[in-house]
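Just so you know, ligand 1 is whichever comes first in the structure, and atom 1 is the first atom listed for that ligand.
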Amino acid sequence: KFYNETMAKMFLQFYEHTAQVVWNQFMEATWNYVTNITKKNREEMLHKDSERSQHMPYFGTWARLFKISRFQDPDMKRMLSKLQNIDKAVTPAAQYNMLLAYMETTYSMAQVCLNEGPCLPLEPDLEEVMATSRDEKELLWAWQGWQDAVGHQLCITFKCYVQLSNRTAKLNGYKDMGQLYQELQPLYLNLHTYMCRALHRHYGSELINLRGSIPAHLLRNMWAQFWVNILDLVLPFPKKPLEDITKIMKSQHWKPSKMFERAEKFFTSLGLLSTPPNFWKTSMMEKPTDGREVECHASAWDFYDGKDVRVKKCTEVTIEDLLSIFHQMGHIQYFLQYKNLSVIFCAGANPAFEEAVGSMVTLSASSHKYLLNRGLLSHQHQDSEEEVNFLMGIALEKIAFIPFAYLMDLFRWKVFDGTIQKDVYNQEWWNLRWGGQLPLSWCPPPVPRTEDYFDPGAKFHISASVPYIRYFISLVLQFQFHDALASGHVGPLHRCDSYNSKIAEKLLEDVLKLGSSKPWPEVLQKITGQTKVSAKALMTYFKPLLDWLVTENVRQGEILGWPDFSCTFEEKD
Ligand SMILES: CC(=O)N[C@@H](CC(=O)O)C(=O)NC[C@H](CC1(C(=O)N[C@@H](Cc2ccc(O)cc2)C(=O)O)CCCC1)C(=O)O
Ligand SMILES: [Zn+2]
């Protein structure tokens with residue numbers, strides 16, 4: 001065991017320099033691949049990926065030779081301990097990386113072909129059908145087509161991927177998630193009960209049985225994870241419909257670049273950093289029309305050289321895409337804020353923080369006040385009924401997401417720890433989604449599914465092996481941050497807009513710069529004054545809606561608390 005700090009310092013400087021180069025080359029090669037999917041670019045990416053996969057465990061092993069407990073410098077201790085745990089995260093096998101690339105490419109290239117017409121990719125075509133079609137048969141066609149297109153191809157591959165993953169199950173970190181999940185259940189249950197009744201009125205009982213489940217293809221999202229596209233069917237006060245912001249954006253001839261400029265302007269209004277000039281030249285802001293195959297799933301990229309940051313998005317001029325760009329620019333802001341730290345600390349305080357920064361700003365950008373001031377709404381004020389309609393719109397994105405975000409990694413952790421065996425992956429996926437022992441979201445498949453398919457693979461993060469629990473925690477954290485930034489704001493939280501807020505500037509300016517150099521509870525405390533993630537702010541934000549839902553559900557004779565009430569959350573028979 002080595003003890004002297006001088007040696008450790010030299011080791012870390014050597015790691016720092018080599019890692020920065022290896023990571024920069026890996027990101028460059030991966031970017032080239034996902035923005036131009038060819039065999040050559042895939043090989044180049046895999047080559048850089050294997051270099052990265054060897055570099056990390058090599059330094060991880062070396063780092064373990066240092067006896068950290070004997071050192072004084074806290075930063076040095078934190079860096080070394082992060083390095084010592086690094087090799088558990090990376091599976092070095094080359095064929096493992098090949099499988100990952102194959103799964104992600106399969107997802108990105110999958111299409112659904114009309115019997116005699118063209119073949120449709122997910123973005124924008126199939127997502128457009130799922131979001132806007134009013135024809136149940138068409139929704140079923142697109143939903144089933146996509147599950148089959150991806151799920152069938154990945155069935156075997158995913159089993160090999162699990163075999164090769166040396167991931168240790170992380171069920172232990174799971175308990176406190178369960179705590180958060182329980183806290184949010186009343187909100188989800190009341191929303192789902194109300195939705196079930198409202199959709200039953202629209203679709204009738206052959207589709208919506210009053211046993212509480214809503215077939216997954218009717219929620220107008222390919223994964224039934226956001227329900228915002230059926231707001232028109234479930235609007236609490238139908239006489240006061242919300243304005244169609246997408247229509248207003250199109251009538252004002254918005255372009256993708258303007259959407260990015262607006263998002264950037266929000267961050268600079270908080271005294272945060274503007275994007276470097278090359279961002280506007282190197283980003284891919286629209287789906288290319290030169291025939292290149294690209295991975296359309298939106299993402300934000302850090303090239304670990306302190307200046308090159310990019311976004312890749314097949315942007316459509318819609319309010320959903322505008323808000324999603326705010327989310328991506330949150331990642332970009334974090335990259336810019338921590339760029340002077342050691343590469344070991346170039347990350348969010350924890351992965352949920354990275355997700356929550358952009359989503360927190362999106363909460364302000366969704367507010368009536370912000371949109372009105374930007375000329376995207378014309379009604380000056382919202383009465384209490386319009387406010388409930390507004391909150392329903394936000395809830396259909398945020399509350400509907402709760403069980404989905406929770407079960408995505410619950411499923412994968414059970415797969416990795418062997419609780420879910422490989423011959424029942426598909427059935428267990430739908431079991432989690434549709435009642436069973438731990439009732440979660442009641443969105444059963446509209447048609448029977450078999451083990452010839454791997455439906456979880458129809459979701460990007462499963463095919464691309466991207467962890468998901470960060471989004472579940474970010475859902476709670478973004479409201480906690482939003483509430484902290486609103487400390488100077490008078491009035492209900494859902495009306496708060498932090499644009500140009502000096503208090504927000506004060507709270508954020510030194511925090512994002514910390515990257516992952518400090519324990520996340522310390523960073524949380526700097527923003528919110530608390531050291532624990534708490535759902536209190538989220539519940540406060542939705543209180544007017546929850547009050548309305550409870551009254552409405554009781555009025556409709558729904559007695560909450562399954563399993564014996566009409567619109568029952570059925571136990572799977
Ligand atoms: C190089 C790289 O991969 N970079 C990472 C960032 C990093 O790790 O540095 C990255 O850009 N990841 C992409 C991912 C994209 C999106 C996503 O996948 N969202 C989830 C969950 C969700 C749902 C609602 C919501 O409001 C926000 C998120 C989903 O759509 O299911 C799609 C549009 C929104 C965010 C992202 O930005 O998180
Ligand atoms: Zn994100």
Side-chain angles (χ1 to χ4, degrees), residues 23-24 26-35 45 49 100 104 107-108 122-124 127 131 221-228 259 263 283-284 295-304 308-316 318-339 346-363 365-366 393-409 456 458-479 482 512 515-516:
W23 276 90
N24 175 262
F26 168 63
M27 296 309 277
E28 192 68 52
T30 309
W31 172 271
N32 291 339
Y33 175 60
V34 295
T35 56
M45 174 191 68
D49 198 3
L100 281 184
E104 194 165 333
Y107 179 93
S108 301
L122 177 72
E123 291 195 39
E127 287 211 334
N221 170 268
M222 188 59 89
W223 307 278
Q225 69 181 85
F226 305 135
W227 302 347
V228 67
M259 295 160 76
S283 291
M284 182 192 100
E295 186 179 283
C296 264
H297 193 84
S299 53
W301 295 64
D302 185 2
F303 287 82
Y304 295 99
D308 191 355
V309 292
R310 308 176 202 174
V311 167
K312 168 183 66 65
K313 184 177 175 62
C314 300
T315 308
E316 300 288 319
T318 64
I319 180 63
E320 290 83 14
D321 275 23
L322 177 62
L323 296 177
S324 157
I325 286 168
F326 274 92
H327 177 91
Q328 300 309 332
M329 295 303 269
H331 286 297
I332 295 293
Q333 186 58 219
Y334 228 142
F335 301 156
L336 297 172
Q337 289 283 342
Y338 59 50
K339 66 179 192 281
C346 281
N350 73 34
F353 274 64
E354 292 177 30
E355 300 308 335
V357 166
S359 292
M360 157 191 78
V361 170
T362 305
L363 287 174
S366 313
I394 306 290
L396 292 180
E397 186 201 333
K398 304 289 182 183
I399 307 305
F401 185 61
I402 291 170
F404 179 81
Y406 187 73
L407 67 86
M408 277 281 281
D409 277 351
K459 178 63 193 168
F460 173 82
H461 297 71
I462 302 269
S463 297
S465 187
V466 175
Y468 210 82
I469 200 68
R470 59 186 62 180
Y471 296 112
F472 176 73
I473 300 169
S474 160
L475 181 72
V476 176
L477 210 48
Q478 66 192 252
F479 285 92
H482 186 56
L512 302 182
S516 62

Practice problem: Walk me through it: do Asp302 and Met27 pass the test side-chain contact (heavy atoms from CB on, under 4.5 Å)? | Solution: CA-CA 8 Å; Asp302 185 2; Met27 296 309 277; 5.5 Å; no
As a test of reading the model: which N/O atoms of the protein lie under 3.5 Å from N/O atoms of ligand 1, and at what distance?
from	atom 1	to	atom 2	distance (Å)
ligand 1	4 (N)	Ala300	O	2.9
ligand 1	11 (O)	Ala300	N	2.7
ligand 1	18 (O)	His297	NE2	2.7
ligand 1	18 (O)	His461	NE2	2.9
ligand 1	26 (O)	Glu397	OE2	3.2
ligand 1	31 (O)	Gln225	NE2	3.0
ligand 1	31 (O)	Lys459	NZ	2.8
ligand 1	31 (O)	Tyr468	OH	2.6
ligand 1	37 (O)	His327	NE2	3.3
ligand 1	37 (O)	Gln328	OE1	3.2
ligand 1	37 (O)	Gln328	NE2	3.3
ligand 1	37 (O)	His331	NE2	3.2
ligand 1	38 (O)	His327	NE2	3.4
ligand 1	38 (O)	Glu355	OE1	3.0
ligand 1	38 (O)	Tyr471	OH	2.6

Quiz item: Can the ring centroids of His297 and Tyr107 be said to lie less than 6.0 angstrom from one another?
Solution: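 No, the ring centres sit 6.0 Å or more apart.
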Practice problem: Indicate, with yes or no, if the rings of Phe404 and Tyr471 have centres closer together than 6.0 Å. | Solution: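 Distance test on ring centres: not under 6.0 Å, no.
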Quiz item: Looking only at heavy atoms, which two atoms of Leu100 and Ser465 are closest? And how far apart?
Solution: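 Minimum heavy-atom separation between Leu100 and Ser465: CD2-CB, 3.5 Å.
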Self-check item: Taking every non-hydrogen atom, the tightest pair across His461 and Pro467
Solution: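 So the minimum-distance heavy-atom pair works out to CD2-O, 4.4 Å.
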Exercise. Go through the steps for Leu475 and Lys398 under the test side-chain contact (heavy atoms from CB on, under 4.5 Å), then give the verdict.
Key: CA-CA 7 Å; Leu475 181 72; Lys398 304 289 182 183; 3.8 Å; yes
Quiz prompt | Name of the residue among Trp23, Trp31, Phe26 meeting ring-ring contact (aromatic ring centres under 6.0 Å, His included) with Trp301 | solution =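 Testing each of Trp23, Trp31, Phe26 against Trp301, the sole residue satisfying ring-ring contact (aromatic ring centres under 6.0 Å, His included) is Trp31.
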Quiz item: What is the ring orientation for His327 with His331, classed by angle as parallel under 30°, tilted 30 to 60°, or perpendicular over 60°?
Solution: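 Taking His331 first and then His327, their aromatic rings stand perpendicular (interplane angle over 60°).
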Quiz item: Excluding waters, how many protein N/O/S atoms sit closer than 2.8 Å to the Zn ion (ligand 2)?
Solution: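 Number of qualifying protein atoms: 3.
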Self-check item: Student check: side-chain heavy atoms of Val361 and Met329 closer than 4.5 Å
Solution: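 Answer no - side chains too far apart.
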